[in-house]
Amino acid sequence: MERNLKNVLVISFGFLLLFTAYGGLQSLQSSLNSEEGLGVASLSVLYAALIISSMFLPPILIKKLGCKWTIAGSMCCYIAFSLGNFYASWYTLIPTSVILGLGGAPLWSAKCTYLTIAGNSYAEKAGKNGKDIINQYFGVFFLIFQSSGIWGNLISSLIFSQASNKVEISEESLVCCGAHDCMSEATNTTTSAGPSESLKYTLLGIYTASGVLAVLLIVIFLDQIKSDQAETEKEIQKTPSLWSTFLATFQHLKDKRQCLLIPLTMYSGFEQGFLAGDYTKTYVTCALGIHYVGYVMIFFSAVNSLCSLLFGKISQFTGRKLLFALATVTNTACIIALLLWKPHPNQLVVFFIFPALWGMSDAIWQTQTNGLYGVLFEKHKEAAFANYRLWESCGFVIAFGYSTTLQVYIKLYILLAVLVLSMVTYGVVEYLETNCSPGTPTATKKENVGPHTQETKM
């Protein structure tokens, strides 16, 4: 097997194991740890810590440890969160949420940096376009990674299924479902008996073991890789200070393209937060019952996984502009339909159509936005991907922040407004690249061995 592809698969399956556990736990926080809002509070703290982490940790750890050991160490932070759920309290879950948040940004930045370097390395050897190889690698990664939603939801559903008590939903309760929800406890008309302690510990044990396997896979099978920008001995011996690294993330905002990509990056957090927090609650749980949430999210993850591979492959023929246009039209149509639709149990198929279309769009947002960052900011990968995680996390924090205070139709209008703004600013980026930097790919590749001192394209 080609060595770079082997490493891509190792990272992909490592993330699959890790996020099978974390994804399942994240979906269950509001129900497993509902006392005094502990579960929701832990997610808020987690993403706040992720924002802080994005500001300064990724470049430090990647420069000091390299991509491989940054990935392995950051994965251990996710295991800590699983352990904190065994005896969930304010003294265990909040600290472990902080630990996970601090490890999240280095994990994703190291992954993106690794795949970008591997893609450019293979493209140079094979005489192919680096952009196309990077998109293919991200497509393979997200094909495998997005399936973690299937396994995480399936495991929790199978374990908790015997403890669920389904309650029939009245027509009066259905009035409060959908875009014009009643901002009440309507969704609580369909409840499940809490799982027994033994079932809870069984699930957490499986999730923890999955995280440990992910770390072992990375440590044993992933090859170390060095960024071209740090190959000289002088570069390797020079470790950036905390302050200089902190500034590097924000100095990257001097590049107008990074500023213009902020709305698009934040939209990724908005749209994922809406599906996980609002669609599942005010449409699925409210109208069908909480026992359907797992099936809906499995359907979303399956479509997302398959489309990630598909779009990663065909992007070299269609270009990213056409794919972004497809995602925009699809998401816009879904948002308008969700504003008009009144969910009812008799329309069971419709509940699965929306997550399928959302999964197709999300596959484009994930693969093409990651690939776009890798192509545009090849010389400043660490700082660029740190910005990616920073602004995507801001989208999550905002989406979770107003989740309990605004009606769903207002959230949908906000989502639509952010989407429109994202496409306008993205269009400006494409205009700048097309008209102002005709020789960028070649020039960037030649300059890729230089240090992170100035932007290559302005």
Side-chain angles (χ1 to χ4, degrees), residues 15 18-19 21-34 36-58 61 74-82 84-85 88 90 92-112 145-146 148-149 152 207 211 246 249-250 261-281 297 362 365-366 369-370 373 385-406 411 414-415 418 422:
F15 272 68
L18 187 70
F19 281 86
Y22 171 68
L25 275 178
Q26 184 183 39
S27 301
L28 294 170
Q29 281 305 302
S30 60
S31 55
L32 271 184
N33 305 310
S34 58
E36 301 179 359
L38 174 60
V40 178
S42 69
L43 292 178
S44 300
V45 170
L46 189 158
Y47 280 102
L50 185 60
I51 292 176
I52 297 174
S53 171
S54 301
M55 294 178 182
F56 60 88
L57 278 184
L61 294 181
S74 299
M75 283 181 168
C76 293
C77 298
Y78 283 72
I79 298 175
F81 182 71
S82 298
N85 277 269
W90 293 97
T92 59
L93 204 54
I94 298 302
T96 53
S97 296
V98 173
I99 292 173
L100 191 157
L102 293 177
L107 175 70
W108 284 91
S109 294
K111 179 273 297 182
C112 292
F145 165 73
Q146 295 291 5
S148 63
Y207 282 165
F246 174 83
T249 300
F250 288 96
L261 288 177
I262 288 176
L264 176 62
T265 311
M266 290 184 67
Y267 179 76
S268 177
F270 273 100
E271 57 95 7
Q272 292 179 74
F274 175 82
L275 183 74
D278 295 306
Y279 179 77
T280 55
K281 177 182 177 182
M297 296 308 291
D362 185 66
W365 301 128
Q366 297 300 321
T369 306
N370 272 279
Y373 268 75
F385 285 121
N387 269 276
Y388 177 88
R389 298 307 300 174
L390 168 63
W391 297 112
E392 185 184 46
S393 298
C394 285
F396 274 113
V397 169
I398 295 173
F400 284 131
Y402 62 53
S403 180
T404 58
T405 59
L406 299 177
K411 301 172 193 173
I414 293 174
L415 197 63
V418 176
S422 300

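Starting from 1, each residue takes its place in the sequence as its number.
Across every non-hydrogen atom of Cys112 and Asn370, the tightest pair is SG-OD1, 3.2 Å.
Checked against side chain to side chain contact (heavy atoms under 4.5 Å, CB included), Ile51 has the following partners two or more places apart in sequence or in another chain: Met55, Leu390, Ser393, Cys394, Val397. Scored by the ring pair (Phe, Tyr, Trp, His ring centres under 6.0 Å) test, Tyr388 finds Tyr373 as partners (sequence neighbours excluded). Shown here are the side chain to side chain contact (heavy atoms under 4.5 Å, CB included) partners of Ile52, two or more places apart in sequence or in another chain: Phe56. Considering only residues two or more places apart in sequence or on other chains, Ala48 meets the side chain to side chain contact (heavy atoms under 4.5 Å, CB included) condition with none of them. Residues satisfying the side chain to side chain contact (heavy atoms under 4.5 Å, CB included) criterion with Thr92, sequence neighbours excluded, are Ser89. For Trp365, the ring pair (Phe, Tyr, Trp, His ring centres under 6.0 Å) partners two or more places apart in sequence, or in a different chain, are Tyr267, Phe324. By the ring pair (Phe, Tyr, Trp, His ring centres under 6.0 Å) test, Tyr279 pairs with Tyr283, sequence neighbours left out. Not counting sequence neighbours, the partners of Glu392 by the salt bridge (charged side-chain N to carboxylate O under 4.0 Å, His left out) test are Arg389. In this structure Tyr22 satisfies the ring pair (Phe, Tyr, Trp, His ring centres under 6.0 Å) test together with Phe19, Tyr78, sequence neighbours excluded. Taking the side-chain hydrogen bond (donor to acceptor under 3.5 Å, both in side chains) definition, one finds that Ser53 meets it with nothing, sequence neighbours left out.
Side-chain contact check for Ile99 versus Phe81: every heavy-atom pair is 4.5 Å or farther apart. Taking 4.5 Å as the limit, some side-chain heavy atom of Val418 sits within range of a side-chain heavy atom of Ser422. Within the 4.5 Å cutoff, the side chain of Ile414 has heavy atoms near those of the Phe270 side chain.
Here CE of Met266 is found 11.5 Å from CZ of Phe396. Values are rounded to the nearest 0.5 Å. Taking CE of Met75 as the reference point, atom CG of Leu18 lies at 5.0 Å (rounded to 0.5 Å).
Within the structure, no pair that satisfies the salt bridge (charged side-chain N to carboxylate O under 4.0 Å, His left out) test touches residues 44-54, not counting sequence neighbours.
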Could you pull out every donor-acceptor pair under 3.5 Å between side chains of residues 102-111 and any protein atom, sequence neighbours left out?
{"from": "Ser109", "atom 1": "OG", "to": "Ala105", "atom 2": "O", "distance (Å)": "3.0"}

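At least one donor-acceptor pair under 3.5 Å links the side chain of Thr96 to the backbone N or O of Leu93.
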